[in-house]
Amino acid sequence: MAEMFIGGEFVRAEGERFPVVDPATEEVVDTVPLAGPEEVDLAVRNAHEAFQSWSATPAARRGDILLRAAQHVHHHLEELAHSLTREQGKPLRESRLEIRRFVETLVHYAGLGRNLRGGYVPNLDEGTYGLVLKRPMGVVAAIVPWNFPTTLLGNKLGPALVAGNTVVAKPAETTPLTALRIAQLLREGGLPAGVFNVITGIGPVAGEALVRHPLVRKVAFTGSTEVGKRIMALAAGGVKRVTLELGGSDPMIVCDDADLDAAAGAASVGRFFNCGQACVAVKRLYVFESVAEQFLEKLLARVRRLRVGPGLEEGVHLGPLHMQRQRERIEQQVQDALDRGARLLAGGRRPEEPRLQRGFFYEPTVLLDPDPHSRVAQEEVFGPVLPVWRVHDLEEALERANDSPYGLGSSIWTRSLERASLAAERLEAGYTWVNSVNRIYDELPFGGVKQSGFGKEHGLEALDYYMETKSVVVRALEGGSG
Ligand code: NAD
């Protein structure tokens, strides 16, 4: 039985528990406690106490501690990848990648510990200068979803900890196990007790109690737009800072001068990685009519080669969807598109293989020219379904790409610098990739516009979201004006 990690140790909780289910077999892997306000309070108080000494530790030393702790996590990569696949469903290869990315992000921010700095403004008045201080905020609540349970946690932990804050994380109720083990490993690797705590439980109870807690100064949230709005409203009650990384419906534009092989490969990886459950997955594809047939042929050849199966099996490309509910939603979205006249080019059903009858499997699916009002065009499609539209030119592609409430990522495939520059200017998104797939770099700020949220993760910019800026005026000389 797994327990919550509070104040540097696992804490036994009484009361109700929640089963963690393997999406490939529907077997219960373990159970976790459902935290209520009391457990949340315990975790936040531990984090608050730890904040006093962690924030006073020199930033470079915080970085060194974080580096060593991250390396300790890395030594357990295989074990963690296995645990992630069991609770999340993704292929082992992707789990390994995810754990590696988690460690890399921590290492990246550990290095930045030596670069935290504020500002100095001379001669504000005669004999008077100003300082711009950057100070840690206090306890940060990190609330993350189930699609990338560890990298999305790392994106918050790295900048929050190196800036001197302490963290209470609440993973999704369905993927708490790897996060709990990581908390233990970070502690073993030298992170002081209470600096990083993990509570388990459901959003409306444990999550809301965490957001409302008076000692929580900042909420870093990744999840759906709907819940993001709720968190923003709750945080307003305590005038707390929030970073919201929400849903997306990323468009990919394939022009007639694109490298079609590379674009088809990117569309396949971009859509079907993590069984399509990625915030920056390619969720709408617009291809120039003149090359559509050629492009689709290449894309479909790749899609046919994708192997669906349990994530623990070697050679599998697509694991199951994470939840039954998730699969049902995808099925309804596909049905709606077909009812409104879309053409089914691949998939569109559960696999028939007898061994895949348990688990939440779904075949990689490609739809052609769905109605622009259909659900796959207007909603986020969080599964292995790629809707493709044929367009006349870049103007039409850009207009349709921007016709979405979301604005997270976007991409364009072209050999023309002019087209690429135009798209980078006009696509309403926080990220535009030119001739590349949806890879996120620690060096570049990441975050959405429109209903995809606000605030940045990654990059130097992320640090600003975990620090207060304070001005100090110093009247240094006798007789200086003040
Ligand atoms: P979700 O919003 O349902 O849940 C996310 C987290 O919030 C979970 O830990 C959940 O328990 C918690 N939560 C739910 N209700 C809450 C409440 N009332 N108060 C406090 N916490 C609450 O999201 P999901 O379905 O688990 O995740 C999928 C969504 O996340 C998709 O929309 C996806 O695009 C988005 N996402 C965005 C990014 C990004 O960086 N922008 C990255 C990954 C996923």
Side-chain angles (χ1 to χ4, degrees), residues 2-16 18 32-57 62 66 135-145 149 152-173 176 179-180 182-184 186-187 191-223 227-228 230-244 465-468:
E3 299 293 351
M4 291 186 274
F5 197 82
I6 298 175
E9 58 190 16
F10 287 114
V11 174
R12 254 194 88 71
E14 303 298 329
E16 247 190 295
F18 189 85
V32 288
L34 288 177
E38 270 174 38
E39 288 83 9
V40 171
D41 184 56
L42 181 70
V44 174
R45 284 188 187 284
N46 268 276
H48 187 251
E49 203 184 310
F51 176 71
Q52 312 312 320
S53 55
W54 182 245
S55 57
T57 304
R62 287 198 298 259
L66 190 59
R135 306 198 308 174
M137 305 172 79
V139 179
V140 171
I143 302 181
V144 291
L152 297 172
L153 183 62
N155 296 349
K156 294 156 185 63
L157 266 189
L161 294 187
V162 90
N165 306 284
T166 54
V167 174
V168 177
K170 197 208 79 65
E173 42 273 41
L180 287 167
I182 281 178
Q184 185 188 29
L186 288 171
R187 172 79 190 105
L191 200 65
V195 168
F196 176 44
N197 309 273
V198 180
I199 56 161
T200 56
I202 61 165
V205 181
E208 294 209 3
L210 186 57
V211 175
R212 285 178 199 270
H213 198 292
L215 290 176
V216 167
R217 289 310 315 146
K218 192 240 155 93
V219 183
F221 173 76
T222 300
V227 174
R230 170 88 185 133
I231 283 180
M232 199 172 162
L234 287 174
V239 197
K240 298 178 186 194
R241 282 228 235 145
V242 287
T243 305
L244 299 177
Y465 290 88
Y466 292 96
M467 291 191 285
E468 301 282 12

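Excluded from the calculations below are hydrogen atoms, water molecules and symmetry mates; all remaining heavy atoms, backbone and side chain alike, are included. Keep in mind that this is a model prediction, so the values were computed, not measured.
Contact of the Leu34 side chain with the Thr200 side chain is not registered, since no non-hydrogen atoms from C-beta on lie closer than 4.5 Å. In this structure, the side chains of His48 and Thr166 stay at 4.5 Å or more apart for every pair of heavy atoms. A heavy-atom distance below 4.5 Å is not found between the side chains of Glu3 and Val11. Put simply, the side chain of Asn165 does not reach to within 4.5 Å of the side chain of Val139, judged on heavy atoms. Counting heavy atoms from C-beta outward, Val216 and Val140 have side chains that stay 4.5 Å or more apart. The closest side-chain heavy-atom distance from Asp41 to His213 is below 4.5 Å. Between Pro136 and Phe51, the closest side-chain pair of non-hydrogen atoms falls below 4.5 Å. Residues Met4 and Pro33 meet the side-chain proximity criterion, which asks for heavy atoms closer than 4.5 Å.
Between the CG atom in Leu210 and the CD1 atom in Ile231 there is a gap of 9.0 Å [rounded to 0.5 Å]. Rounded to the nearest 0.5 angstrom, Ile199 CD1 and Leu42 CG are separated by 10.5 Å. Taken to the nearest 0.5 Å, the CZ atom of Phe196 stands 11.0 Å off from the CG atom of Leu66. Going from atom CD of Gln184 over to atom CZ of Phe10 covers 4.0 Å, rounded to the nearest 0.5 Å.
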* Residues Val242, Phe221; criterion side chain to side chain contact (heavy atoms under 4.5 Å, CB included); working and verdict -> CA-CA 7 Å; Val242 287; Phe221 173 76; over 6 Å; no
- [ ] Test side chain to side chain contact (heavy atoms under 4.5 Å, CB included) on Arg187 and Phe5 and set out the steps.
- [x] CA-CA 10 Å; Arg187 172 79 190 105; Phe5 197 82; 3.8 Å; yes
Applying side chain to side chain contact (heavy atoms under 4.5 Å, CB included) to Leu157 and Leu186, what does each step give before you reach the verdict?
CA-CA 11 Å; Leu157 266 189; Leu186 288 171; 4.0 Å; yes
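Using a distance-only test at 3.5 Å, with no hydrogens or angles considered, no donor-acceptor pair links the side chain of Lys218 to the main chain of Ala160. With hydrogens and angles ignored, the 3.5 Å screen pairs a side-chain donor or acceptor of Asn197 with a backbone N or O of Val167. Counting only distance, with no hydrogens or angles, the side chain of Lys240 and the backbone of Val211 share a donor-acceptor pair below 3.5 Å.
Legend: residues meeting ring pair (Phe, Tyr, Trp, His ring centres under 6.0 Å) with Tyr466, ordered by chain and number and at least two apart, are absent. Legend: residues meeting side chain to side chain contact (heavy atoms under 4.5 Å, CB included) with Pro214, ordered by chain and number and at least two apart, are absent.
For the salt bridge (Lys or Arg N to Asp or Glu O under 4.0 Å) with Glu468, the lone residue among Arg135, Arg241, Arg217 that qualifies is Arg241.
Side-chain contact, Lys156 with Thr222: a donor N or O sits under 3.5 Å from an acceptor N or O.
Ion pairing of Glu208 with Arg212 is present here, as a side-chain N (NZ or NE/NH1/NH2) and a carboxylate O approach within less than 4.0 Å.
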